[in-house]
Amino acid sequence: MSEFLQLVFSGLTVGAIYALIALGFTLIYNASDVINFAQGDFVMIGGMATVFLMSAGLALPLAALIAVVAAVAVGLLLHRLAIEPARGASPVTLIMITIGASIFIKGMAQIVFDKQFHSLPAFSGDAPIPVGGATLLPQSLWVLGTTLGLVVALYLFLEHTLSGKALLATAANRLAARLVGINVTLILAMAFGLSAAIGALAGVVATPITLTRYDIGTLFALKGFAAAMLGGMGNPVGAVVGGLLIGLLETFGAGYVSSTYKDAVAFLMILFVLFFLPRGLFGGRSVERV
Amino acid sequence: MLTVEAVSSAYGRIIALREVSLEVKAGEIVALVGSNGAGKTTLLRTLSGVQPIKGGRILFEGAPIERLEPHLRVVRGISQSPEGRQVFGPLSVEDNLRLGAYRRQDAGMRGRLDHVFALFPVLAEKRRIAAMSLSGGQQQMLAIGRALMAAPKLLLLDEPSLGLAPLLVDQILAAVRALRAEGITVLLVEQNASAALAIADRGYVLETGRVVMEGSGAALLGDPKVRAAYLGP
């Protein structure tokens, strides 16, 4: 039982990170039908920039803030320099552009940072908290709390601000959004900025647990993508549930089957969803076959 | 108020508008009639800026607007209720209407909301309901109401009667007349030519992307060629 509980704790912790990445996918997908495969690189930028700023002597909160701002800047530049000039191109073309951008960001990260693995000290120490025979790391609470906070903030933004409503309206009907005077280019830039901020924050809180390196974005993007697919592409609730499920499945697979195949779980889920559940758990829009 | 000078537009290599010129004066209801594919919807989309223009000029209140982004044309006072009730399906009726006022978040918004509810009382009853669960006629009312929330000087209405029961068509056209009485200028696109010309001050007949006839609503209604082509025997 205590082993089961232990796996639940670690599954939810990694799942929360996948959920945040999936939320980033969802925001951009809704605003533009683009699946941004550079999403995982925002996680890397958040973690790496915080590591390097802290080693330059900055305190954690300030380092994290600057890292998030830097990731937002990269997100906005990605939109302005790579996505916006290709306006009108098919979603498949745009997706390929994001893959190229992801490779470019990794290359730049090797130059700006380095090629080593890095970690951050846990924010509130490493003393495990005993819960029902299992233990919970304080950093896990940071990850879960940050995820909860971001989900609530995103919900409030989308449901209770005019800009949030404009984003939902653009997702629902782009033509009508333009006709009521919504600047859809600006909305898309906002979606990229928000996704970058969410990804970078996930990177900051995850780094003490997962470590970070210039190329960790690829795996994070694929896991987050699997989560978004499982939940139903475009559905924010689905993204969170999908993320937590992938995290749990992965951890239980590693715990009870074999940790060698840990990373395979997400890919098996992608195949499963494609074969049996193309709309994901929470319906969402019909998926176009490419 | 609106002067369209030799406007052309195309979808790829297929030309949809060939040097269309027309004029809408302040306070008028102008009807644009013609068969399916004549270019009526393309013209309205070109006026709103969501369809690229290939040539010609569009003057609104004397200023050229053909290079303005769509949202800036809304700011100038041009608002469109598009063909096919393009409502924001998952959002509530009230959110749809508030988004109509996206570029006019002023003190008058409350009053305009009440005004739209007075014009279409059924929308007030269903204000909390998702727009996609409204009936076709109600969605049409919502699309018109949303366009009105921008407090337009010029309202572009694309096929407001399409697919509606005759009783609803009368109700919507009565609403259009009521709007003109309030000082809103209306450019109305309709396949239902007799209904449109009956309430219009003037009308234009569009055929394969060209204006082929123009005149007062009554004159066009009485014209034998128009009757034969668009109104049936």
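In what follows, every chain begins at residue 1, and chains take the letters A, B, ... in the order their sequences are listed.
For B/R45, the part lying near chain A is the side chain, with the backbone staying farther off; criterion is any non-hydrogen pair under 4.5 Å. At a 4.5 Å heavy-atom cutoff, the contact between B/V87 and chain A is made by backbone atoms alone. Proximity to chain A is limited to the side chain of B/L91, based on heavy atoms less than 4.5 angstrom apart.
For the set B/S48, B/P70, B/G89, the entry with the most heavy-atom pairs within less than 4.5 Å of chain A is B/P70. Of the listed residues (A/L162, A/T185, A/L168), the one with the most heavy-atom contacts under 4.5 Å to chain B is A/L162. Of the listed residues (A/A166, A/A172, A/A169), the one with the most heavy-atom contacts under 4.5 Å to chain B is A/A169.
In this structure, A/T98 contributes its side chain and A/F37 its backbone to a donor-acceptor pair below 3.5 Å. The backbone N or O of B/M149 sits nowhere less than 3.5 Å from a side-chain atom of B/R104 that would complete a donor-acceptor pair.
A salt bridge links B/K153 with B/E61; the closest basic N to acidic carboxylate O contact falls under 4.0 Å. Here A/E250 pairs with A/K223 in a salt bridge; the nearest charged N to carboxylate O distance falls below 4.0 Å.
The side chain to side chain contact (heavy atoms under 4.5 Å, CB included) test with A/Q39 is passed by exactly one of A/F225, A/F25, A/F192, A/F220: A/F25.
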